[in-house]
Amino acid sequence: MELLAGWKERINAASVAASESLPLPQTPAFYAGAVTFVENTEAAARMVEFARQRPISHIGIDTEFTYARPPVLLSRGTRAYDPSSIAPLMLSVSMAEPHDGGYHAYTFVVDLRVDGLVPALQELMRLPVPFVGHFLKVELFCLWQLGIAEPNITWDTWAGERSLGLGATHPGYRLPENADGIDATRAKEESAEDDEFSLRLTALCRRYGVPYEMADEKDRLQRSFLDMDRNGKFSEAQIQYAAEDAKAAAVIYPRQVLRAVCAGANHRLESIEMPWVRTNARIEWNGLRLDADRVRAVSEARERHLKVLEARLEREYGIKNFRSHTQLYRFFDESGLLDLFRKKGTYSFDRKNLKLFRERHSAISLLYAARRIYDLDKTGMLDLRLVGADGRVHPQHRQLGAHTGRQTTTAPNLLGLPKALRPLCICDPGNGIGEVDLSQIEVGVAAAVYGDAVLIAMFNSGDVYSEMAKVFYRDLIPPADLGLPVKAFKKKYSHLRDRMKVFTLGIMYGMTPYGIAALNGISVLEARQQWARFLGMFPALKRALRESAVLYGYRGYSVTVSGLRRYRASSGALSKWEGNWLVNHPVQGSAADVFKLAGNRLDRLYQQFGARIVLPFHDAFVFEAPLCHLHAVAELTAVEMKHAVQIYFPCLDPQVEINVKNPECWNKDGDAGSVDRWLLDPLA
DNA sequence: GAAGAGAGCGCC
DNA sequence: AAAGGGCGCTCTCTTC
């Protein structure tokens, strides 16, 4: 039988070692309760050998590191560190061995600057026990920087804690209605405090009753690693501090698992959120390549056009700053056009309004043009300082950044990049970029979560909005057209289909007939009739939506299909906003569940193709793969995404859309020319 | 001068 | 009384 590459050598090496000497038992008392500093390969080998001969249940880990590059200073004092320039300094390891209802802790601190440690550390990481850390992303970065593969089983106490407390700290609660002054002030203070402190390791220690010796010095010691001479000797305090975090993580772990069990969340943490820590970290580590020349061209064109428009606005209309609401108000007041912009008791000069009335006054069309160009990028994607040491941009991918379980991105906000700018994202030579999208998945999930057989059937037919249109607008569609193929119908009746889309999304987001009326410019009465007729198609959904908000309001939380809860911060009468998210969260969050499930599988399966996830886009994966494997990777992605949906929703038969057209860059539906067209004519 | 609110808009 | 879920970013203007 053929052995896989590398195995022959490994077996040979192992048998040589075995013939030399067999390991001797080591005395646990020597390590128990102590912190052992590991500063050479022999000590590292002894540490691993010790770990392999003890009945370890789990291992706490922590790393100390610095960055080879200074951070990029962004607005509001935030700093963006380049993960590809991370320089690992120390790894602390705290092995937990169950004993007498508690645990023995064997703690080691490894100097990662020592050469030749990788084989021993790799062997340690291969141990089949959970490796526990607090905000494991940076630990994974350190391992990957050293060329060490991550452990198979990981647990992140940060992600665990965030998962168990979603919702209550949402900014929506910072301004509670019907609250007295004292309530409001307290709520605000608490939520600010929550956001900043409640997820820190020291806060978890307090919550779980875990002693943490060095709380007072934590900030100073943490900084000491960032500032230190990279070849300097570690102080005793630094070593003890590094050990402390690994020890704390190891002690918190079983207590947090117990808390998760009590919140019905352990299944989800084990099977979705914890593996996603790894997947998410790898996505951030991978980053993506920007076409720097084109980025510069776009920036320059934007500035050039803005300058011209701003000069004209000032010269011809006296508008010095078109971004100023105050100045626009004054201008339109003086020109007697203010009423055009009246909206809800105030005046809105948003782009929609400017477009609507651009024929009324030449200033309006100028303003509209200026706004369109100005708005092109506020995501930070044109900031080339964010290109890392590896030539790629590494946006921060915030796990559970949203209180529904969704991701957010920042520095830059990749998820908010205007579609037309997607072709700025390119790939390495020899690779291609592809995207696979789960079509209309939130509608399918809503149908399944709220148990509406009619909606499920429509979703499974292939194009849910077309199926809706056939029923809702049956008087407007000739019977012969009802049998058209999905694509043909979609094209011919796109206007009716779009209406259905608005209705469906409106339902999921809690829109009322008043909102629909305002959006479509119809009367409230008309909107109400259409609304009733639309929901009449889905009686089960209609009933479930009405019931759910009330029931979940009593209970105090909504929950996704895998068990992720979003909590209310208060009891009592539901606000409109709470009623909306209580209904929406099971949909949005369950879609996020299955999406992460798919991503975790892909993260593993991509390795054999040399492929990587570039961007998780809520219901789509953007990936980069060697061109020769691009189609295979796309197929694999499609299969895994469908499969993940069916693990929790076997009644659904989801469709996917594969885009591997023009794989030299990321694009919308194969349109690789959108940036170049913008450069030619920004207003086209 | 910093911080927060509000407007506005990009994405799903 | 208001009337659309989840985000991040940037700008203006007000307030402390």
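- Taking atom OH of residue A:Tyr374 and atom C1' of nucleotide B:dA7, one finds them 11 Å apart after rounding to whole Å.
- Residues A:Phe332 and A:Tyr347 keep their aromatic ring centres 6.0 Å or farther apart.
- Ring geometry for A:Trp531 versus A:Phe534: interplanar angle under 30°, hence parallel rather than tilted (30 to 60°).
- No contact: A:Arg528 has no heavy atom under 4.0 Å from any strand.
- Atoms CG (A:Asp350) and P (B:dG10) sit 10 Å apart, rounded to a whole Å.
- Remark: A:Arg302 pairs with no residue by the salt bridge (Lys or Arg N to Asp or Glu O under 4.0 Å) rule, at least two apart or across chains.
- Along DNA chain C, the nucleotide nearest A:His618 and the nucleotide nearest A:Tyr514 are compared for position; the residue whose nucleotide lies closer to the 5' end is A:Tyr514.
- Between the C1' atom of B:dA7 and the CD atom of A:Gln327 lies a distance of 15 Å, rounded to the nearest Å.
- For A:His403 and A:Tyr173, the ring centers sit 6.0 Å or farther from each other.
- Within the nucleic acid shown, A:Gly510 comes within 4.0 Å of sugar-phosphate atoms alone, with no base atom in reach, counting heavy atoms only.
- A:Glu435 places its CD atom 12 Å from the C1' atom of B:dC11, with the value rounded to the nearest Å.
- Note on A:Glu442 versus A:Arg406: salt bridge recorded, some NZ/NE/NH1/NH2 to OD/OE distance being below 4.0 Å.
- Applying the salt bridge (charged side-chain N to carboxylate O under 4.0 Å, His left out) test to every pair with at least one member in residues 303-313 of chain A, sequence neighbours left out, gives these pairs: A:Glu310-A:Arg323, A:Arg312-A:Glu316.
- Residues from residues 392-399 of chain A that place a heavy atom under 4.0 Å from any atom of DNA chain C, listed by number: A:Arg398.
- Spacing between C:dA2 and B:dC9 at atom C1', rounded to whole Å, works out to 23 Å.
- Heavy atoms of other residues, nucleotides or ligands lying less than 6.0 angstrom from CZ of A:Arg360 number 12 at most.
- Closest to the A:His325 side chain, of the nucleotides B:dC9, B:dA7, B:dC12, is B:dA7.
- Distance check: A:Arg422 CZ to A:Leu615 CG gives 8.5 Å after rounding to the nearest 0.5 Å.
- Summarising the geometry, the separation between CG on A:Leu382 and C1' on B:dG10 is reported as 12 Å, rounded to the nearest angstrom.
- Residue A:Phe621 contributes atom CZ, which lies 15 Å from atom P of B:dC12 at whole-angstrom precision.
- Counted within 6.0 Å of CZ on A:Arg543, heavy atoms from surrounding residues, nucleotides or ligands total 12 or fewer; the atom is thus considered open.
- Going from atom CZ of A:Phe341 over to atom C1' of B:dA7 covers 15 Å, rounded to whole Å.
- Classification of the A:Trp276-A:Phe595 ring pair by plane angle, with boundaries at 30° and 60°, yields tilted.
- The stretch residues 404-423 of chain A comes close to DNA chain C through A:Thr404, A:Arg406, A:Thr408, A:Thr409, A:Thr410, A:Ala411, A:Asn413, each having a heavy atom under 4.0 Å from the strand.
- Taking atom CZ on A:Arg372 and atom P on B:dG8, their separation rounds to 18 Å, with Å as the unit.
- Checked against the 6.0 Å centroid threshold, A:His361 and A:Tyr317 count as a close aromatic pair.
- With a cutoff of under 4.0 Å to any heavy atom of chain A, the contacted region of DNA chain C is bounded 5' to 3' by C:dA3 to C:dC13.
- Remark: A:Arg330 pairs with no residue by the salt bridge (Lys or Arg N to Asp or Glu O under 4.0 Å) rule, at least two apart or across chains.
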